[in-house]
Amino acid sequence: MESFDANVDAESLRNSITPKKDENNIIKLVTNRTNSQLQLIKETYNTLYNSDLIKDLKKALSGHFEDVVIGLFYSPIDYDCFHLRKAIKGFGTDENALIEILCTRPSNVIEEIKKRYGEMFPGRSLLKDIEGDTSGNFRKILKSLVSGNRALDSQPDIEECKNCAKRLYEAGEKRLGTNEDVFTQIFTEKSPSEFVCIAQLYYKLTKHTLLQAVENEFSFDSKKCLIAIIYAILSPSEYFAKLVHKAVKGLGTDNTTLIRILVSRREVDMPQIKQFYKQNYKKDMIEDIKDDTSGNYRKILVEIASH
């Protein structure tokens, strides 16, 4: 394994930024370091050169390539906070970013995000920002997730899980109209192991999946939220494979989503995401990324996806 020296890497980055830009060296360095190593390189650079690495990178780089490089230097929690604030501030809301982050992160990570959000953006509260920028059942789902209502993981009570499966059936398919509050409560408050048990018992009761029930009973952002929660607990890598595929398929590329997923999942489950991509779409994810991007932006995404 290649030895790591933060001082050497900081100097290498400095030489790749000034006086002459060397984007290939930047790609090689940042994609072959862990996030914790990149944090150390950033601190070392700032100390050695009495300069801010992020500001220096922003001056030297541009476009989507810059977005990827800067993104890699965020800690995972800070990166989520950055994208949540970006999704909320200004005119309009990026609902997909809110769903992708808040519906898929474990409750302990959500707690860290909440705390750090207030530190990164003084005077702001993630919960209040979501309240002010969303509405209806979509707001209820996100508020419940951010409020930390999900139970800690524990051995599921089978009778309670049976009761929940029955309540979901009665709140949706069995009646005309949908009791959204029942779905919101169970989907956002039950622990992962309880939710798995409920999903299995729901299938036993109705002969089809919770995913099918949500597809039939909900629409728009509420539907996307509940689907994301199902995947996050039952098959998270498959969910992110779906998002990557959606980002690159058809005319144009959703670069924001593509970058966010590759950066945030690179040390989590990138091999599994690629497997699901191949399995579900009969295509190679890296080849699809290559086809949809160009230049050094393509190079850095391919490097991230290849690790």
Side-chain angles (χ1 to χ4, degrees), residues 76-77 79-81 83-84 87 94-114 117 126 130 134 137-154 156 161 164-165 168 180 182-203 209-215 217-218 220-247 254 257-258 260-277 279-280 285:
I77 297 294
Y79 194 62
D80 280 349
C81 290
H83 277 286
L84 288 169
D94 184 350
E95 290 86 359
N96 289 335
L98 295 180
I99 292 165
E100 179 199 313
I101 296 168
L102 296 177
C103 295
T104 66
R105 304 304 189 251
S107 53
N108 63 316
V109 173
I110 296 281
E111 281 304 307
E112 289 184 61
I113 289 170
K114 249 194 322 188
Y117 187 92
L126 179 58
I130 284 167
T134 57
N137 196 54
F138 179 52
R139 177 199 279 162
K140 282 184 184 176
I141 297 169
L142 294 184
K143 274 183 65 179
S144 183
L145 290 167
V146 173
S147 297
N149 291 335
R150 192 176 296 289
L152 294 171
D153 221 354
S154 58
C161 291
C164 287
L168 287 169
E180 295 174 338
V182 172
F183 276 82
T184 298
Q185 185 213 342
I186 291 172
F187 273 61
T188 64
E189 295 183 11
K190 293 301 176 183
S191 73
S193 58
E194 287 172 329
F195 191 84
V196 169
C197 183
I198 291 164
Q200 290 168 344
L201 291 168
Y202 188 89
Y203 184 80
T209 65
L210 268 181
L211 188 61
Q212 289 169 310
V214 169
E215 291 275 9
E217 295 293 323
F218 288 83
F220 306 115
D221 292 324
S222 293
K223 178 178 175 177
K224 289 182 187 175
C225 271
L226 298 181
I227 287 173
I229 290 168
I230 292 170
Y231 273 109
I233 295 173
L234 302 182
S235 187
S237 304
E238 186 173 7
Y239 175 70
F240 291 107
K242 278 168 65 75
L243 293 187
V244 171
H245 184 252
K246 189 178 177 186
D254 180 353
T257 299
L258 183 60
R260 191 170 58 238
I261 292 169
L262 291 190
V263 169
S264 65
R265 305 305 293 186
R266 86 177 181 117
E267 290 183 32
V268 182
D269 58 351
M270 192 60 68
Q272 292 85 352
I273 291 171
K274 287 186 287 188
Q275 282 176 352
F276 274 111
Y277 196 99
Q279 177 184 308
N280 291 347
M285 189 177 94

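Residue numbers start at 1 and run along the sequence shown.
- Nearest heavy atoms, Cys164 versus Ile198: CB-CD1, 3.7 Å.
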### Task
Decide yes or no on side chain to side chain contact (heavy atoms under 4.5 Å, CB included) for Leu168 and Phe183, but give the supporting numbers first.
CA-CA 6 Å; Leu168 287 169; Phe183 276 82; 3.7 Å; yes
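- A pairwise comparison of heavy atoms in Ile233 and Pro192 identifies CG2-O, 3.7 Å as the closest pair.
- Around the NZ atom of Lys140, the shell of radius 6.0 Å holds no more than 12 heavy atoms that belong to other residues, nucleotides or ligands.
- The closest side-chain heavy-atom distance from Leu102 to Ile130 is below 4.5 Å.
- Counting heavy atoms from C-beta outward, Ile273 and Val268 have side chains that stay 4.5 Å or more apart.
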### Working for side chain to side chain contact (heavy atoms under 4.5 Å, CB included), residues Gln185 and Asn149
CA-CA 9 Å; Gln185 185 213 342; Asn149 291 335; over 6 Å; no
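- Note that the CZ atom of Arg266 and the CE atom of Met270 stand 9.0 Å from one another [nearest 0.5 Å].
- Contact of the Lys224 side chain with the Phe138 side chain is not registered, since no non-hydrogen atoms from C-beta on lie closer than 4.5 Å.
- Of the possible donor and acceptor atoms, none in the side chain of Thr184 sits under 3.5 Å from a partner among the backbone N and O of Ile141.
- Residue Pro156 comes nearest to Ser193 through the heavy atom pair CG-O, 3.8 Å, listed as atom of the first residue, atom of the second, then distance.
- For Thr134 against Arg139, the heavy-atom pair with the smallest separation is O-NH2, 2.7 Å.
- Sorted by first and then second residue, the salt bridge (charged side-chain N to carboxylate O under 4.0 Å, His left out) pairs involving residues 183-193 (not counting sequence neighbours) are Glu160-Lys190.
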Identify all side-chain donor-acceptor contacts of residues 235-243 below 3.5 Å with residues at least two apart in sequence or on another chain.
residue : atom : partner : partner atom : Å
Ser235  : OG   : Glu238  : OE1          : 3.0
Ser237  : OG   : Asp269  : OD2          : 2.8
Glu238  : OE2  : Asn280  : ND2          : 3.2

### Query
Leu258 and Asp254: side chain to side chain contact (heavy atoms under 4.5 Å, CB included), yes or no, with the steps?
CA-CA 6 Å; Leu258 183 60; Asp254 180 353; over 6 Å; no
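- What you find for Ile113 and Cys81 is that their closest heavy atoms are O-SG, 3.4 Å.
- Counting heavy atoms from C-beta on, the side chains of Phe195 and Ile230 come closer than 4.5 Å.
- Within a 6.0 Å sphere centred on NZ of Lys143, heavy atoms belonging to other residues, nucleotides or ligands number 12 at most.
- At a threshold of 4.5 Å between non-hydrogen side-chain atoms, the residues Arg105 and Pro76 do not count as touching.
- Using modelled atom types, no side-chain atom of Arg150 and backbone atom of Ser144 make a donor-acceptor pair closer than 3.5 Å.
- When side chains are defined from C-beta on, Thr257 does not count as touching Asn96, because their heavy atoms never get closer than 4.5 Å.
- Within the 4.5 Å cutoff, no side-chain heavy atoms of Asp94 are placed close to those of Leu98.
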### Leu142/Cys103 under side chain to side chain contact (heavy atoms under 4.5 Å, CB included): CA gap, chis, key distance, verdict
CA-CA 8 Å; Leu142 294 184; Cys103 295; 4.3 Å; yes
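- Separation of atoms CZ (Phe218) and SG (Cys225) is listed at 10.5 Å; rounding is to 0.5 Å.
- Distance alone, capped at 3.5 Å, places no donor-acceptor pair between the Lys114 side chain and the Leu126 backbone.
- Under the 4.5 Å side-chain criterion, counting only non-hydrogen atoms from C-beta, Ile229 is in contact with Leu145.
- Pairing each heavy atom of Glu194 with each of Ala151, the nearest pair is OE1-CB, 4.2 Å.
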